[in-house]
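Chain A is the first sequence line, chain B the second, and so forth, proteins listed ahead of strands; every chain is numbered from 1.
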Amino acid sequence: MHYNPQKIESKWQQRWEKQGLYSPDLDKAEKPFYNLMMFPYPSAEGLHIGNMYAFVHSDAYGRYIRMKGFDVFEPIGLDGFGIHSENYALKIGEHISDVSKRTEKHFYQQLKMIGNQYDFKRTLETYQPQYYKWTQWIFIQMFKKGLAYQRESYVNWCSQCKTVLADEQVIGGYCERCGAQVEKKLTKQWFFKITDYAERLLKNLESLSTRALGSKVKISKEMAQSGIDWSEKTKIAQREWIGKSEGVEFEMEILDTDQKIKVFTTRLDTIFGMTYAILSPEHPIVTLLLKTQNSRQGRSSPKAARIQNREEVEEYIKEAKKETESVRTDITKEKTGVELKGIRVINPFNKQKTPLFIADFILGYYGTGAVMAVPAHDQRDYEFAKKYGLPIKEVIKNKNGKSSVEKKAFENYGVLINSGEYNGLTSYQAIEKMITFLKEKKIGDKKINYKLRDWCISRQRYWGPPIPIIYCEKCGTLPVPEKNLPVLLPEIEDFRPTGTDSPSQVSQGEIWEGKSPLASVKEFVNTICPKCGAPAKRETDVSDTFLDSAWYFFRYPSLDYQDRIFDKQRTQKWLPVDMYIGGQEHACLHLLYSRFITMFFKDLGLIDFEEPYKRFFAHGLLIKEGAKMSKSKGNIVNPDEYIKKYGADLTRMYLMFLGKISRGGDWQDSGMAGMTKFVRKAWNLFSDLKKDGKGILDLSFMHKTIKRVDNDLERLSFNTAIAKIMEYVNWYKENQDNFSKKERKLVLENLVLLLSPFTPHLSEELWEKIGHRESVFKEKWPEYDSELVKEEIITLIIQVNGKIRDKIDNIEADIFKEKAKELAISRQKIKKWLKGKEIKKTIFVPGKLINFVV
RNA sequence: GCGGGUAUGGCGGAACUGGCAAACGCGCUAGAUUCAGGUUCUAGUGGGAGAAAUCCCAUGGAGGUUCAAAUCCUCCUACCCGCACCA
């Protein structure tokens, strides 16, 4: 009777599905537990071993929780809409619809093969109209609340993918998907006002979870329910991304004009050290100043300063625009800029007139796009001043009066000098007093800035949900009436992106008309105005794939409702998600977006909570033999291959044995051999069920193992849990001839139960073999006898000056200090070490050790 | 530059709150069984000294705290990940 994984696995997979074992009654479930894993985007290559790595860990936890008595809902779906899938189709020259049909089938096949307790009756794909109908519905709600808006904006343009990218999809100036350099383009885009939620997104991180959590911390269900439970690392990443910065915003007049520039600073205390100011090249005032000059109005009015080096300035702006984002944001690049000659700004504190520059290292999108430059106390300004020979005026000294700005800027806080009436104040005092001054003059106030920017939603691509907007010449921009949803994505032959121009072909201030592939489909574009009935046109952009995935977990429990995005009662019962396992790479964006959408749902009154995930756990990266897996290296592990050869159970077990889940793992083929040995060994134990021995009586090791495995699973320490099961098997083998029939059954039953989260098929088969008729997953997780897990007999360690010199075996765990000391000093070895020395101190750790300090 | 992480045998990795470093597994060595080979079983396996008992040295490096440090603190080095001129 050999272990035949292929046969066993398909047998149980079929039986599970037939019995609907993993489809809980969502309304009647008494102890709901929503066990979610990040749904994969289906590439045609199929399920990646990295997906499987994450999924089986998540499933093992879900199965453990189920056996702990919860009604576990573990759904799966496909994040099939989006650039990644579309680009793949383009690459292989097939239509995305065909590719999707194929990958969908293949993916679900694979997902069934890995043996997770997925509810295959409740799957979703983001490209199905019944799903994206609701994605569009969300857009409309956003629009109605004024949270979806259109604006002309410089956006990231990937010339290879021919589309606009979200900031998040630009990695160091390059396209996340194809690796091409990203350029800047001025175009009209749809945005979600996530910045309105910045403070809330930030604050919830603080208030809802005060515990520092990580893989080290043991978390019970009760604890997890009390708040959001994320690792500190993830929260820091979110906090950084939101990037809150508290400072001051104030106005400075431009000499001889009616214009003012607004600047933002966190170091108002250094204002007396301002020797110039800088604008970003895109700053509207620059355009305005150039324009004023064009119309020659300036000449007639004494109140109109003019840019004297106009051509130079225009040239610089043109150059800056041409430069790709990656070049422009390259921090190592020497700072460049050009003075707006003839233009001066007035420092409101000392009325000093300073030159004004434009420079490309000033970002148009952060703060006000304008800064006061204090070279003595800001390194960037310092470098710039050195290069252009601008004065460096020191205004802050540290407390001992020391400072030096000879070689670099002094950026610390300190005490003010050269600052008129503020001299002698500390930085903090000065800032307060200066704010009062600004307020009195009504030219400035405190201001909070965030790095977080509004979420650019539109994509000039085919494979996404069409943005449900209609443009009517008379009535303006209107949402598609909800009853007309979904706006179906038309089936078209040629779905290639059609954007043509590169940004350098579009001159300053001009708007590039981005064209989506949908723009060429007349039947799609031409429609009638929902308000006046006149001919109108549809929006031709589709929405970002991040929107599809920002709310999918709301849909799973309510898939049977066609008339609403989700059922409130159902949702309140199952959400927030109890456990969410996914990649660290999504710790910023996906998490942030889905938190935002959840808050929005709450504000719409659809739900009562505003954080989607009670517990989020980020798994590490799976590598192979010390190297990242990649196609170019040819070291990809194909899960199908291993499942076929070794079975899913073995592959699962091996993936979970590799190491700590939070740290990822190093796949080595040789390790599979060891796992095979172990599984076979375990399997073979069940061939002598009927054997009867004299009985071993002491089953405390069994109880201890149950306790340890339980403890490990609770804290997601899968690898050590497996190690402990291995020890258990070894223990069984040592005693195998001695168990009584009754003991044998008990010990083996518990082995099956402990194994079941890891090797579900094998466990079912063995459970049946023992003689059970019901699924092992209807069983309760084994319990241990808390009396028997107590360590009664220990090895007492004897140290002298902290070094181990002897051990005494078989000591009662509750031995007293005096008794232990007596025993210890009487040992020959210890006598040797203590000879001629006085014991100054004796440290006794009950149940562990005794240490003599001499 | 900023933020986060990591460093333990030949390898993957254990060591939850400081208390027997190296659990568990791979690999390797020797032996047994089978023998075409794999499988299986037994013993051994951090380094050094020693015939042995035993002793010394070992958790990236240097200091420190402590009776006691892989674990805590300071500094340094290397690698990985994320963000990157955020005013």
Side-chain angles (χ1 to χ4, degrees), chain A residues 171-173 215-218 231-234 236-237 239-241 243-245 247 263-267 270 278 328-333 335 359-363 365-374 378-381 383-384 449-453 584-585 587-588 620-621 623 625-626 628 654 657-660 662-678 680-681 684 708 711-712 714-715 717 719-727 730 733 794-804 807 829 832 840-845 847-854:
Chain A
I171 313 294
S215 53
K216 283 185 179 174
V217 182
K218 180 176 158 179
S231 73
E232 203 51 42
K233 202 175 161 180
T234 307
I236 288 168
R239 226 172 272 144
E240 283 275 308
W241 195 265
K244 184 175 178 174
S245 168
V263 298
F264 175 74
T265 179
T266 52
R267 290 300 302 275
T270 64
I278 324 176
R328 199 172 148 181
T329 57
D330 183 357
I331 189 156
T332 56
K333 196 192 76 168
K335 304 199 181 337
D360 64 4
F361 72 93
I362 301 303
L363 307 168
Y365 50 76
Y366 183 77
T368 58
V371 299
M372 62 182 222
V374 185
D378 182 287
Q379 189 55 28
R380 291 157 304 177
D381 297 344
E383 284 163 27
F384 194 82
N449 266 327
Y450 300 92
K451 284 189 207 172
L452 182 72
R453 284 186 271 160
Q584 190 72 58
E585 72 273 18
C588 270
L621 190 71
I623 58 171
E625 268 133 40
K628 247 190 210 175
Y654 182 56
F657 187 59
L658 285 173
K660 205 177 272 176
S662 59
R663 305 239 325 245
D666 190 354
W667 176 289
Q668 306 192 339
D669 282 344
S670 60
M672 275 302 265
M675 201 43 84
T676 313
K677 239 196 262 183
F678 168 73
R680 205 178 295 154
K681 199 152 77 174
N684 288 334
R708 289 184 190 139
N711 197 37
D712 282 350
E714 198 167 42
R715 62 190 181 104
S717 185
N719 56 331
T720 55
I722 293 172
K724 278 150 200 168
I725 298 173
M726 286 172 167
E727 285 181 73
N730 292 339
K733 288 209 78 164
I794 54 133
T795 299
L796 185 74
I797 290 148
I798 311 170
Q799 297 182 331
V800 178
N801 284 344
K803 294 212 178 220
I804 293 151
K807 297 171 190 178
K829 280 184 197 168
K832 201 173 83 191
K840 288 178 194 140
K841 204 172 164 189
T842 306
I843 288 121
F844 178 67
V845 183
K848 283 229 168 83
L849 60 78
I850 185 156
N851 184 14
F852 299 110
V853 186
V854 296

Please determine whether a side-chain nitrogen or oxygen atom of [X] lies at a distance below 4.0 Å from atom OP1 or OP2 of [N].
X	N	result
A:Asn719	B:A14	yes
A:Asn730	B:G25	yes
A:Lys733	B:C41	yes

Please give the nucleotide sitting opposite [N] as a Watson-Crick or G-U wobble pair, both distances under 3.5 Å, or none.
N	value
B:U45	B:G27
B:U40	B:A32
B:C72	B:G64
B:C79	B:G5
B:G50	none
B:A14	none

NA contact type, A:Ile804, heavy-atom cut-off 4.0 Å: base, sugar-phosphate, or nothing? sugar-phosphate
Comparing A:Thr266 and A:Lys832 on RNA chain B - which has the more 5′ nearest nucleotide: A:Lys832
So does A:Lys841 reach the base of B:C67 with its side chain, donor to acceptor, closer than 3.5 Å? no
So for A:Lys335 and B:C85, does any side-chain atom that can act as donor or acceptor lie under 3.5 Å from a complementary atom in the base? yes
Given [options], which nucleotide is nearest the side-chain atoms of [X]?
X	options	value
A:Arg663	B:C24, B:A7, B:C16	B:A7
A:Asp666	B:G13, B:C41, B:G19	B:G13
A:Val845	B:G19, B:G12, B:U40	B:G19
A:Tyr366	B:C20, B:C86, B:G19	B:C86
A:Gln799	B:G19, B:A87, B:A7	B:G19

Taking atom P of B:C86 as reference, at what distance in whole Å does atom CZ of A:Arg453 sit? 13 Å
Say you pick atom P in B:C16 and the same atom in B:A22; how far apart are they, in whole Å? 13 Å
Does a salt bridge link A:Asp712 with A:Lys724, judged by any charged N lying under 4.0 Å from a carboxylate O? yes
